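The structure appears right after this line, and notes come after that.
These numbers come from a predicted model, not from an experiment.
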Amino acid sequence: MWATPTQIPIPPSLSRATYGSTSSDKFRTKWSNLRVRASFFDYPLASRIMVRNIPYSLNESRLLKEFSTFGHVAEVKLAKDEATKQSRGYAFIQYTCQDDAVLALENMDRKKLEGRVIYVEIAKPGKEAYDKPWTCGPPPPPLLPPHDDRAAE
């Protein structure tokens with residue numbers, strides 16, 4: 001009496017076993033090897049914010065304390081100069097939820113933090129976030145076997 005339910009195929013982005021690995025899997029593996037806790041693949045696109053003009057004396061734990069009031073923070077990445085190991089004046093904060101990131105943006109943008117006005121915005125994704133082809137332009141023409149004029153005689 002009841003019809004058997006039909007199986008809906010799983011899109012390639014959701015199934016690696018059926019369709020093989022995708023280039024985003026390569027990036028995910030790359031990031032997991034670096035032991036990065038939060039990445040573009042784990043959270044929604046708009047859940048990472050960039051905080052600019054922060055005081056040079058501010059450290060990651062203080063940023064975590066200030067911004068964790070708006071939601072669960074997955075990662076705080078303070079940009080530092082490689083040679084001097086001092087702060088460069090900006091940081092990235094990754095939230096587990098997009099709504100928390102927007103709430104932090106709305107409440108902390110243009111606020112004073114240790115005497116400096118900070119600017120908060122949604123962080124743009126890095127180059128690894130997009131699956132770009134390695135080459136540009138149309139695909140090359142297919143290789144044809146050499147034509148033998150003697151075969152036509």
**Report entry** ILVMFWY network linking Val51 to Phe92, side-chain heavy atoms under 4.5 angstrom
**Finding:** no

Requested in this report: Treating Ile, Leu, Val, Met, Phe, Trp and Tyr as nodes and any side-chain heavy-atom pair under 4.5 angstrom as an edge, say whether Leu64 and Met50 lie in one connected cluster.
Outcome: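 Not linked; separate clusters.
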
For [X] and [Y], which heavy atoms make the closest approach, and how far apart are they?
X	Y	result
Ala74	Thr96	CB-CG2, 3.9 Å
Ala46	Ala101	O-CB, 3.5 Å
Phe67	Ala104	CD2-CB, 4.1 Å
Glu121	Leu105	CA-CD1, 3.5 Å
Leu78	Tyr90	CD1-O, 3.6 Å
Glu66	Thr69	O-OG1, 3.2 Å

Query - Test item: Ser47 and Gln94 side chains (from C-beta on) under 4.5 Å apart, heavy atoms - result: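 Yes, close enough: below the 4.5 Å cut-off.
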
Query - Ring-face cation contact, Tyr56 with Arg88, 6.0 Å cut, 45° max - result: no

**Report entry** Steps toward side chain to side chain contact (heavy atoms under 4.5 Å, CB included) verdict (Arg62, Glu114)
**Finding:** CA-CA 11 Å; Arg62 176 72 196 277; Glu114 290 188 6; 2.6 Å; yes

Which value, rounded to the nearest 0.5 Å, describes the distance between [X] atom [atom1] and [Y] atom [atom2]?
X	Y	atom1	atom2	answer
Leu58	Ser87	CG	OG	7.5 Å
Phe70	Glu106	CZ	CD	10.0 Å
Asn53	Arg110	CG	CZ	11.5 Å

Query - Identified side-chain contact (heavy atoms from CB on, under 4.5 Å) partner of Ser68 from the options Val76, Val73, Leu63 - result: Val73

Query raised in the report: Name the one of Ile93, Val102, Asp109, Asp100 that satisfies side-chain contact (heavy atoms from CB on, under 4.5 Å) with Ile49?
Result: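 So, applying the side-chain contact (heavy atoms from CB on, under 4.5 Å) to Ile49 and each of Ile93, Val102, Asp109, Asp100, only Ile93 qualifies.
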
Requested in this report: Evaluate the criterion side chain to side chain contact (heavy atoms under 4.5 Å, CB included) for residue pair Val117 and Tyr119; output intermediate values, then yes/no.
Outcome: CA-CA 7 Å; Val117 177; Tyr119 301 96; 4.0 Å; yes

